[in-house]
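What you see is a predicted model; the values in this text were computed from it and never measured. Labels below follow one simple rule: chain letters A, B, ... track the order of the sequence lines, proteins then strands, and each chain is numbered from 1.
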Protein chains: 2
Amino acid sequence: MKQHDERRNEILDTALRLFFSQSYSEVSVAALIDAVGIAKGTFYHYFRSKEELLSELVLREASRQIPAYTAIAEDPALTAEVKMQRMFLTIGAWKADNRELMIASIRLLYRDENILLRHKLEQASIELFAPPLGTVIHQGVNEGCFHTPYPEVAAELILSMWSALTQRVAELIMRCDEEPHLAESILDRMRAIETAIQRFLGIPDGALALIDESDMRRILMPPAV
Amino acid sequence: MKQHDERRNEILDTALRLFFSQSYSEVSVAALIDAVGIAKGTFYHYFRSKEELLSELVLREASRQIPAYTAIAEDPALTAEVKMQRMFLTIGAWKADNRELMIASIRLLYRDENILLRHKLEQASIELFAPPLGTVIHQGVNEGCFHTPYPEVAAELILSMWSALTQRVAELIMRCDEEPHLAESILDRMRAIETAIQRFLGIPDGALALIDESDMRRILMPPAV
DNA sequence: CGGTCTAGACCGACCGTCGGTCGATAATCT
DNA sequence: AGATTATCGACCGACGGTCGGTCTAGACCG
């Protein structure tokens, strides 16, 4: 017999692995408990429903990402502009470095059956990232480099836009194999978002390079074999 | 025996009614066919799956909204600014006039079980509204009143932002009964979006009143009894 | 120390419901 | 008459979830 938290995390770990190697709706509770090696009743001893498992899983995974970004936000040595750049570029570079994983995730998340998983991940990311980003924007307004009457809302709004962009990019990446010219329209969208964020923050176009074009190309273009 | 289209629309009509009086996942195919008065096999003669029914339903309903907006977009007598205002204000006024229906819809759509329905509605709206809105933005750029290097992407981007806002508003409306002070934070978000759109289009803050505050208050505040 | 008691970890047969299939039948068209 | 299309409903396997019960670690006690 195992400790409560140990078993619980074992179930969550297995669920994470299975949800990403198959999909949320394809993985039945029966398959999950087989993989963990427990009985149906044990699963429902730890989670009230399959959906509650999903929510807790998403929360746990999203929370793991946060410390790196709060560290950037609270670094006393950096200006708001640099912090913001660093936050967005860190995400982009990570995605470029883990291209295969990213694309595999996208292929799974952006399917109708997984929409609930995707939506919960998006919402959790926005809610968890908004505070550190909001701190940075506030700092920028105080430093006089950002000019927006809505510093509190700006973080959420920017993340919502970013999230909508990610969705578009994902859709296009999935169709990129067939129609490679779509890559250009993705880059267009990214530049548009960058412009939108800059203008919303009241800084000149091009002042804030949030997207590293070479990283983006690494994500979009299949590596030469 | 009925004509193909007649029967098909009968199924779609009934599905629409049931999905909004209960929810997408709560309404089983069995319940639907009972309400229509047909057999299981007949349903699957017209639709390959329950999900295909949903997609077609969403497409049909979203398409019905379009003509009104293309009419505005193609009116030769109006400036781009006026067209854009008229489009957004028309939506707002309609929502204010149909407050009960709106709130009932929100309470249904913004539940985990209905996420697929909601997402498909959102995507269909964005895809169908983007062309007329894009036309208007193009006109604005040509007339010299809008300034954006990405007129094609702008429409989609603005609609994505609007959609994210709608989602936030919906979440807050659902919790407004308990915490009425949330109304102010909704208004804040709306003003922020208005600013974001204006700045993205390169026009002065306040030049484009896309949101009628009295309409918004009518939506947010329960009518005095 | 050995014995007992209990909370809670664990089990798996079982349930109702679901989306979907299929072969038969009836109506309509050519 | 023959072909095509619309209709039917019994049937299926899989699903998420329940329930009555067993097993065991560790607290408590004589």
### Query
Separation of A:R48 atom CZ from D:dT18 atom C1', in whole Å?
15 Å
### Task
Answer yes if the side chains of B:Q139 and B:E74 hold a donor-acceptor pair under 3.5 Å, and no otherwise.
no
### Upstream residue (5' side of DNA chain D) when A:S25 and A:G41 are each assigned their closest nucleotide
A:S25
## Note on the structure
Ranking D:dC8, C:dT21, C:dC11 by distance to the side chain of B:A39, first place goes to D:dC8
### Atom pair distance, as rounded to whole Å: CD in A:E26 and P in D:dG13
20 Å
### Query
Are B:D13 and B:R60 close enough for a salt bridge, meaning some N to O gap below 4.0 Å?
yes
### Donor-acceptor contact present, side-chain A:T90 to main-chain A:R86, <3.5 Å
yes
### Message
I want to check one thing: is the phosphate of D:dT7, taken as OP1 and OP2, less than 4.0 Å away from some side-chain N or O of B:R7?
### Response
yes
### Task
Compare side-chain N and O positions of A:H4 against OP1 and OP2 of C:dA9 and report whether any pair is under 4.0 Å apart.
yes
### Task
Counting heavy atoms from C-beta on, name the nucleotide in C:dT21, D:dC8, D:dG16 closest to the side chain of A:K40.
D:dG16
## Note on the structure
To the nearest angstrom, the CZ-P distance between A:F43 and D:dG17 comes to 8 Å
### Message
Applying a 4.0 Å non-hydrogen cut-off, can you work out what B:K50 is touching in the nucleic acid: base, sugar-phosphate, or nothing?
### Response
sugar-phosphate
### Task
Give the rounded distance in Å between these two atoms: CD1 of B:I33 and P of C:dG20.
12 Å
#### Entry: Nearest-Å distance for atom pair CZ/P, residues B:F47 and D:dA6
13 Å
### Between D:dG9 (C1') and B:Y44 (OH): distance, integer Å
14 Å
### Message
Using a 4.0 Å heavy-atom cut-off, does B:T42 contact any base of the nucleic acid, only the sugar-phosphate backbone, or nothing at all?
### Response
base
### Query
Between A:Y46 and C:dG8, does any side-chain N or O lie under 4.0 Å from OP1 or OP2?
no
#### Entry: B:H45 side chain near D:dT7 phosphate (N/O to OP1/OP2, under 4.0 Å)
no
### Task
Would you verify whether the NZ or CZ of A:K50 falls within 45 degrees of the ring axis of A:Y44 while also being under 6.0 Å from that six-membered ring's centre?
no
### Message
If you apply the rule side chain to side chain donor-acceptor pair (under 3.5 Å), what do you find for A:E113 with A:Q22, and how did you get there?
### Response
CA-CA 11 Å; A:E113 335 152 11; A:Q22 299 171 50; over 6 Å; no
### Message
Measure CD/A:E10 against P/C:dA9 and give the value in whole Å, please.
### Response
14 Å
## Note on the structure
When rounded to whole Å, the CD to P distance for the pair B:Q3 and C:dA27 reads 16 Å
